[in-house]
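The structure appears right after this line, and notes come after that.
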Amino acid sequence: MSLPSAYVTGAFEHPTRHAPDKSIAQLHAECALGAVADAGLSLGDIDGYFCAGDTPGASPLYMADYLNLKLRWLDGTESGGCSYLMHVAHAAAAIAAGQCNVALITLSGRPRSEGQATGTAPRAGNSSQADEPFETPYRPTIAGMYGMFAMRHMHEFGTTAEQLAWVKVSASRHAQHNPNALLRNVVTVEDVLASPVVCDGIRRLDCCVITDGGGAAILTRPEIARSLSRPLVRVAGTGHTMHTQNGGYIDAVRTGAAASGAAAFAEAGVTPRDIKYASVYDNFTIMVVMQLEDLGFCPKGQGGRFVAEGSLISGVGRLPWNTDGGGLCNNHPANRGGMTKLIEAVRQLRGEAHPAVQVKNCDIALAAGPGRVVGSGHGHATAVLVRE
Amino acid sequence: MTTPSMSDETLRSLTAAAPEIRPFWEAARRGELLLAHCTACNRPHWFPRVVCPLCGSRDIEWREACGRGTVYSVSVARRATPPYALAYVTLDEGPTMLTNIVDCDVDGIAIGQKVKVVFKDRPGALPAPMFTPA
Ligand SMILES: [Zn+2]
């Protein structure tokens with residue numbers, strides 16, 4: 001596209017995974033400070049702020065006041081875990097349109113300290129949502145919803161629990177090198193299969209971790225990016241969508257990645273074959289399989305075969321994936337995976353991933369993920385990033 | 001099929017957030033499963049709305065479903081006491097709905113299985129359409 005591009009000049013993942021002594025606002029502030037320091041900027045340089053429902057007040061206003069930001073552009077787009085990848089698109093558009101020069105995106109939360117049973121507690125209803133009486137009575141846990149996706153995928157395509165287990169195995173092989181990862185033990189397919197069944201289709205080790213913490217990113221105009229000392233990581237293409245329940249005519253084995261990925265690839269002018277590294281949101285192993293298919297890394301229904309035998313392990317397989325250990329082993333702050341996906345993609349493009357997992361000549365990377373589960377609907381966002 | 005007893009006053013109170021779909025719950029109280037059917041595109045949808053999500057028409061009428069369907073997917077919550085079956089059921093009329101499969105051995109439920117609706121009385125709450133093997 002002809003509009004001026006935006007560059008990711010700052011990225012910061014909070015090292016904590018358990019923060020009972022910090023407020024959510026403090027965690028946001030520490031993430032913001034970490035990202036501006038990484039970029040070589042200061043809080044006073046920020047003129048655009050992007051955040052989602054995890055912020056105090058579920059609005060950009062509170063943290064903007066806490067940090068005393070002097071803003072020209074505010075965006076509180078809330079789409080669950082993929083909000084931050086949508087924010088990348090929105091920040092790039094705002095920068096291209098001249099609405100801001102330095103955009104800050106933050107995410108933080110502390111579900112671990114608060115003792116949330118994220119995946120297995122029945123979802124709380126919201127009476128303003130017209131479908132609430134058509135969900136709440138059935139006790140649809142997040143694990144139960146993804147369990148139904150897994151069972152249907154197995155039914156339609158012959159996907160196996162062993163294939164899903166390879167996703168977790170791959171994440172654990174990466175997490176062993178990440179000193180901040182919550183789970184650093186390497187696990188085997190047998191370990192995953194031996195873990196307790198949470199609900200049909202989902203074993204305990206198919207589930208991501210529950211962690212406190214957060215992350216932040218800075219996007220800037222090209223001339224500001226070039227004035228800084230960080231490697232140049234350009235936002236080459238973005239896409240997002242809402243994969244609706246389609247009025248009840250659902251397809252539970254397909255995700256919004258088909259739409260958001262196609263848009264991001266088209267804008268970037270690349271194909272899945274060009275991607276050297278992929279961050280793909282791994283709330284549950286089945287969701288990685290479905291997204292890889294829908295992003296076009298393999299034909300629909302072949303995702304189980306694609307991820308087996310180490311295809312996602314850096315240095316071993318054809319598609320190095322979630323080299324920080326992902327949500328399955330490293331970090332899932334605020335129960336939202338989009339920010340950490342962005343951050344590890346930036347590390348890979350900069351050559352700053354752990355040497356044991358760094359992809360050689362990593363010049364094109366992807367970050368993708370879903371957000372929220374409503375019935376079988378969810379938001380989805382994809383970003384393609386390139387190193388210049 | 002049970003006929004849950006719920007006073008008009010309670011039903012009005014529980015449906016205050018979405019009064020336009022009250023006919024669905026009044027029928028549910030009688031043990032009838034209604035579908036919001038669009039007469040413009042001649043298709044029912046789920047969950048019920050008064051604007052058709054398939055074509056945008058507001059020409060919606062309530063029609064009673066036959067109450068039969070097929071299990072689209074199912075996942076039994078194994079850590080719950082007792083375990084329960086979360087499911088999608090595709091109604092014979094077309095739409096797929098989130099539900100539970102009840103009054104049966106949860107280990108015996110399979111994708112593709114034929115099921116029929118049963119309304120479950122829930123104390124202080126709206127009666128929920130669930131399904132049991134047909
Ligand atoms: Zn219609």
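Predicted, not measured: the structure shown is a model, and the values here were computed from it. The sequence lines fix the lettering, A, B, ..., with proteins before strands; numbering per chain opens at 1. All heavy atoms count here, side chains included; hydrogens, waters and symmetry mates do not.
- Counting heavy-atom pairs closer than 4.5 Å to chain A, the top residue among B/Cys52, B/Ala125, B/Pro44 is B/Pro44.
- Both the backbone and the side chain of B/Leu86 come within less than 4.5 Å of a heavy atom in chain A.
- The shortest non-hydrogen separation linking B/Ser73 to A/Arg152 is OG-N, 3.5 Å.
- The two atoms that bring B/Trp25 and A/Pro133 nearest to each other are CZ2-CB, 3.4 Å, heavy atoms only.
- Looking at B/Leu98, the atoms closer than 4.5 Å to chain A (heavy atoms on both sides) sit in the backbone and in the side chain alike.
- No side-chain heavy atom of A/Gln245 sits under 4.5 Å from any side-chain heavy atom of B/His45.
- Counting heavy atoms from C-beta on, the side chains of A/Pro137 and B/Arg122 come closer than 4.5 Å.
- Proximity of the aromatic rings of B/Trp46 and A/Phe134 is defined here by a centroid distance below 6.0 angstrom, and this criterion is met.
- Within residues 156-169 of chain A, the residues having any heavy atom less than 4.5 Å from a heavy atom of chain B are, in residue-number order, A/Glu156.
- Within a 6.0 Å radius of CZ in B/Arg22, other residues, nucleotides and ligands contribute more than 12 heavy atoms.
- Looking at B/Pro53, the atoms closer than 4.5 Å to chain A (heavy atoms on both sides) all sit in the side chain, from C-beta outward.
- The contact between B/Ala128 and chain A is made by backbone and side chain atoms together, counting heavy-atom distances below 4.5 Å.
- Within a 6.0 Å radius of CZ in B/Arg68, no more than 12 heavy atoms belonging to other residues, nucleotides or ligands are found.
- A cation-pi arrangement is found for A/Arg139 relative to B/Tyr84, the charged atom lying closer than 6.0 Å to the ring centre and inside a 45° cone about the ring normal.
- Closest non-hydrogen pair, B/Arg78 versus A/Asp200, comes out as NE-OD1, 2.8 Å.
- With a threshold of 4.5 angstrom between heavy atoms, B/Phe24 approaches chain A through side-chain atoms but not through N, CA, C or O.
- Distance CD1/B/Ile109 to CE/A/Met151: 10.5 Å, rounded to 0.5 Å.
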request  = Begin with the C-alpha distance, continue with both residues' side-chain angles, and end with the deciding distance and a verdict on side chain to side chain contact (heavy atoms under 4.5 Å, CB included) for B/Met97 and A/Tyr138.
outcome  = CA-CA 11 Å; B/Met97 61 178 283; A/Tyr138 309 114; 4.1 Å; yes
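- The contact between B/Val76 and chain A is made by backbone and side chain atoms together, counting heavy-atom distances below 4.5 Å.
- Among all heavy-atom pairs drawn from A/Gly247 and B/Arg49, the shortest one is CA-NH2, 3.9 Å.
- Taken from OG in B/Ser75 to CZ in A/Phe149, the straight-line distance is 10.5 Å, to the nearest 0.5 Å.
- There is no contact between B/Pro83 and chain A, counting heavy-atom distances below 4.5 Å.
- Neither the backbone nor the side chain of A/Arg203 comes within less than 4.5 Å of any heavy atom of chain B.
- Applying the salt bridge (charged side-chain N to carboxylate O under 4.0 Å, His left out) definition to pairs two or more places apart or across chains, those involving residues 54-66 of chain B are B/Glu61-B/Arg63.
- Considering every non-hydrogen atom in both A/Ile250 and B/Thr96, the closest pair reads CD1-CG2, 3.7 Å.
- Looking at A/Tyr249 and B/Arg43, their side chains come closer than 4.5 Å, going by heavy atoms from C-beta outward.
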task = Apply the test side chain to side chain contact (heavy atoms under 4.5 Å, CB included) to residues B/Tyr88 and A/Met145: give CA-CA distance (whole Å), side-chain angles for both, the deciding distance (0.1 Å), then the verdict.
result = CA-CA 10 Å; B/Tyr88 287 124; A/Met145 296 300 293; 3.3 Å; yes
